[in-house]
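Note on naming: letters A, B, ... go to the chains in the order of the sequence lines (proteins, then strands), and numbering restarts at 1 for each one. All values derive from a computational prediction rather than experimental measurement.
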Number of protein chains: 2
Amino acid sequence: MKATKKQTDGYAHEPPTVQQLTTMLSVHKVRPSQQRLMILEYLLTHHNHPSVDMIYNELLIKVPTLSRATVYNTLNLFLKAGLVRVLDIVENEARYDILTDFHGHFKCNTCGEIFNFRVIDEALVSEELKGFGIDDKNVYFKGTCPKCLKK
Amino acid sequence: MKATKKQTDGYAHEPPTVQQLTTMLSVHKVRPSQQRLMILEYLLTHHNHPSVDMIYNELLIKVPTLSRATVYNTLNLFLKAGLVRVLDIVENEARYDILTDFHGHFKCNTCGEIFNFRVIDEALVSEELKGFGIDDKNVYFKGTCPKCLKK
DNA sequence: TCTGGTTTTATAATGATTATAAGTTATTGT
DNA sequence: ACAATAACTTATAATCATTATAAAACCAGA
């Protein structure tokens, strides 16, 4: 494990510069705009696996003219561009995650928090899937997190 | 005359007797009714990971008074009773599966079909989940099935 | 500054699911 | 057996996340 760089989930990270955000979008062939930069920054500094409304409500404070449709549009754009991944772990609500290494997600049914955990994905793929073109892998667990178990 | 119906998994299933269906419900503390028996029979004889509407439309042919709400109610009841599992693998549409051994699901993005595959679930659980109460595990893959790859 | 294209916004539409209330059917107690 | 009561089903309305649409705002180049 890396001792030098702290990369724990749920913590805020140093805000990236506009320069860095713009470059990140360009790499993925997405033109920059105020809203897109804001939403990308949100995703990079929050690791809450946010819903559209979590993003919308927070950014609304700073930009009261923001439209919920813009958040939907932008996330769909990021999705197509390969910037984010969408989680179907919460009933009737899409959750988003900046695309990083493959990992599983655990959702606590009590507090609703979503945790990451490592998965050895080689162990997943069985012989039966020979001949299948795999584009996307998802591992979702549900239950109760340690904090909620203590109550 | 019993015509063998074609299933997507290639297997035909003998229709269970009313006796067997009733017993199966009783074991799970679900009172039997015409509609519940019908829906349970559908789930046992089809292995298509059906949606509410797939079940509703097929049963409607035999029982034209059937309500879509009944199918929703019954599946939610089966879910609470532990008779079925719900899959969140298709966007904006719940799919149901008679509860059997743990296995993964592969959804073909081209034809929409859902395939089962074996997963060694011991390999899934990492050290990080010590202390978590796991109630439910899901493994969803998406991509293209061999048949659709050939086109 | 005009012009054409892109992005954002506000609002309406969609569609799966749930809630509600009324109508049926089954069960219980006498 | 028969009313009383509970359980189940049905039809319809409501909900709510998401998408579609069209108008307004923004931006880059001539």
Side-chain angles (χ1 to χ4, degrees), chain A residues 18 21-22 25-26 28-42 49-81 83-96 107 112 114, chain B residues 18 21-22 25-26 28-42 49-81 83-96 107 112 114:
Chain A
V18 177
L21 294 170
T22 306
L25 289 182
S26 308
H28 289 265
K29 310 260 196 307
V30 174
R31 309 166 105 100
S33 75
Q34 283 308 311
Q35 289 83 345
R36 289 171 184 175
L37 292 170
M38 279 172 54
I39 292 169
L40 179 61
E41 187 190 15
Y42 180 101
H49 309 90
S51 65
V52 165
D53 270 32
M54 287 163 74
I55 299 171
Y56 173 67
N57 287 320
E58 174 133 344
L59 297 185
L60 198 63
I61 299 166
K62 297 194 169 181
V63 182
T65 59
L66 184 68
S67 166
R68 193 181 265 102
T70 300
V71 183
Y72 276 102
N73 291 340
T74 303
L75 288 171
N76 282 333
L77 185 71
F78 285 3
L79 198 60
K80 271 189 228 150
L83 269 162
V84 298
R85 127 190 316 273
V86 63
L87 309 181
D88 295 324
I89 200 171
V90 178
E91 205 125 321
N92 305 325
E93 193 180 53
R95 295 302 197 95
Y96 295 87
K107 186 200 151 214
I114 297 169
Chain B
V18 177
L21 294 169
T22 307
L25 289 181
S26 308
H28 289 264
K29 308 261 196 306
V30 174
R31 308 168 106 102
S33 76
Q34 282 310 309
Q35 289 83 344
R36 289 172 183 176
L37 292 170
M38 280 172 52
I39 292 168
L40 179 60
E41 186 191 16
Y42 180 100
H49 309 88
S51 65
V52 164
D53 270 31
M54 288 165 72
I55 300 171
Y56 172 67
N57 287 320
E58 173 133 344
L59 297 184
L60 198 62
I61 300 167
K62 297 192 172 184
V63 183
T65 59
L66 184 69
S67 167
R68 193 180 266 104
T70 301
V71 183
Y72 276 102
N73 291 339
T74 304
L75 288 171
N76 281 333
L77 186 70
F78 286 2
L79 198 59
K80 271 189 228 150
L83 269 162
V84 298
R85 127 191 316 275
V86 64
L87 309 181
D88 295 324
I89 199 171
V90 178
E91 205 125 320
N92 305 326
E93 191 180 54
R95 294 303 196 94
Y96 295 88
K107 185 199 152 215
I114 298 170

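Regarding A/Glu91, its CD atom lies at a distance of 12 Å from the P atom of D/dA17, rounded to whole Å. Atom CG of B/Asp88 is separated from atom P of D/dA17 by 16 Å (rounded to the nearest Å). For the pair A/Glu93 CD and D/dT18 C1', the interatomic distance rounds to 12 Å; values are reported in whole Å. One interatomic measurement links the two molecules: NZ of B/Lys29 to C1' of D/dC8, which rounds to 20 Å at whole-angstrom precision. As rounded to whole Å, 11 Å separates atom P of D/dT10 from atom CZ of B/Arg36. In this entry the distance linking CD1 of A/Ile55 with P of D/dT18 reads 11 Å, nearest Å. Rounded to a whole Å, the OH atom of B/Tyr56 is 15 Å from the P atom of D/dT9.
For the pair B/Arg31 and A/Asn92, both in contact range of DNA chain C, the more 5′-proximal nearest nucleotide belongs to A/Asn92.
Residues from residues 65-77 of chain A lying near DNA chain D, meaning a heavy-atom separation below 4.0 Å, are A/Tyr72, A/Asn76 in numerical order.
Residues meeting the side chain to side chain contact (heavy atoms under 4.5 Å, CB included) test with A/Asn76, sequence neighbours left out: A/Leu79, A/Tyr96. Among residues two or more places apart in sequence or in another chain, the side chain to side chain contact (heavy atoms under 4.5 Å, CB included) test is passed with B/Leu25 by B/Val30, B/Pro32, B/Arg36, B/Leu37, B/Leu40, B/Phe78, B/Leu83.
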Acceptor/donor pairs from residues 53-67 of chain A side chains to any protein atom, 3.5 angstrom cut, sequence neighbours excluded:
residue : atom : partner : partner atom : Å
A/Asp53 : OD1  : A/Arg68 : NE           : 2.9
A/Asp53 : OD2  : A/Arg68 : NH2          : 3.4
A/Asn57 : ND2  : A/Asp53 : O            : 2.9
A/Glu58 : OE2  : A/His46 : NE2          : 3.2
A/Ser67 : OG   : A/Ala69 : N            : 3.1

Strictly under 4.0 angstrom, non-hydrogen atoms only: write out the protein contact profile of nucleotides 25-30 of chain D, one letter per nucleotide from the 5' end, B, S or -.
------
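Rounding to the nearest 0.5 Å places OG1 of A/Thr70 at 12.5 Å from CD of A/Gln34. For the atom pair A/Asn92 CG and A/Ser51 OG, the distance stands at 12.5 Å (nearest 0.5 Å).
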Apply side chain to side chain contact (heavy atoms under 4.5 Å, CB included) to residues A/Val90 and A/Ile114 and explain how you reach the verdict.
CA-CA 9 Å; A/Val90 178; A/Ile114 297 169; 4.0 Å; yes
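Legend: salt bridge (Lys or Arg N to Asp or Glu O under 4.0 Å) pairs involving residues 85-95 of chain B, not counting sequence neighbours, sorted by first then second residue: A/Lys142-B/Asp88, B/Arg85-B/Asp136, B/Glu93-B/Arg95.
Here chain A contacts DNA chain C (any atom closer than 4.0 Å to a heavy atom, that is under 4.0 Å), and the contacts span C/dT6 to C/dA10 from 5' to 3'.
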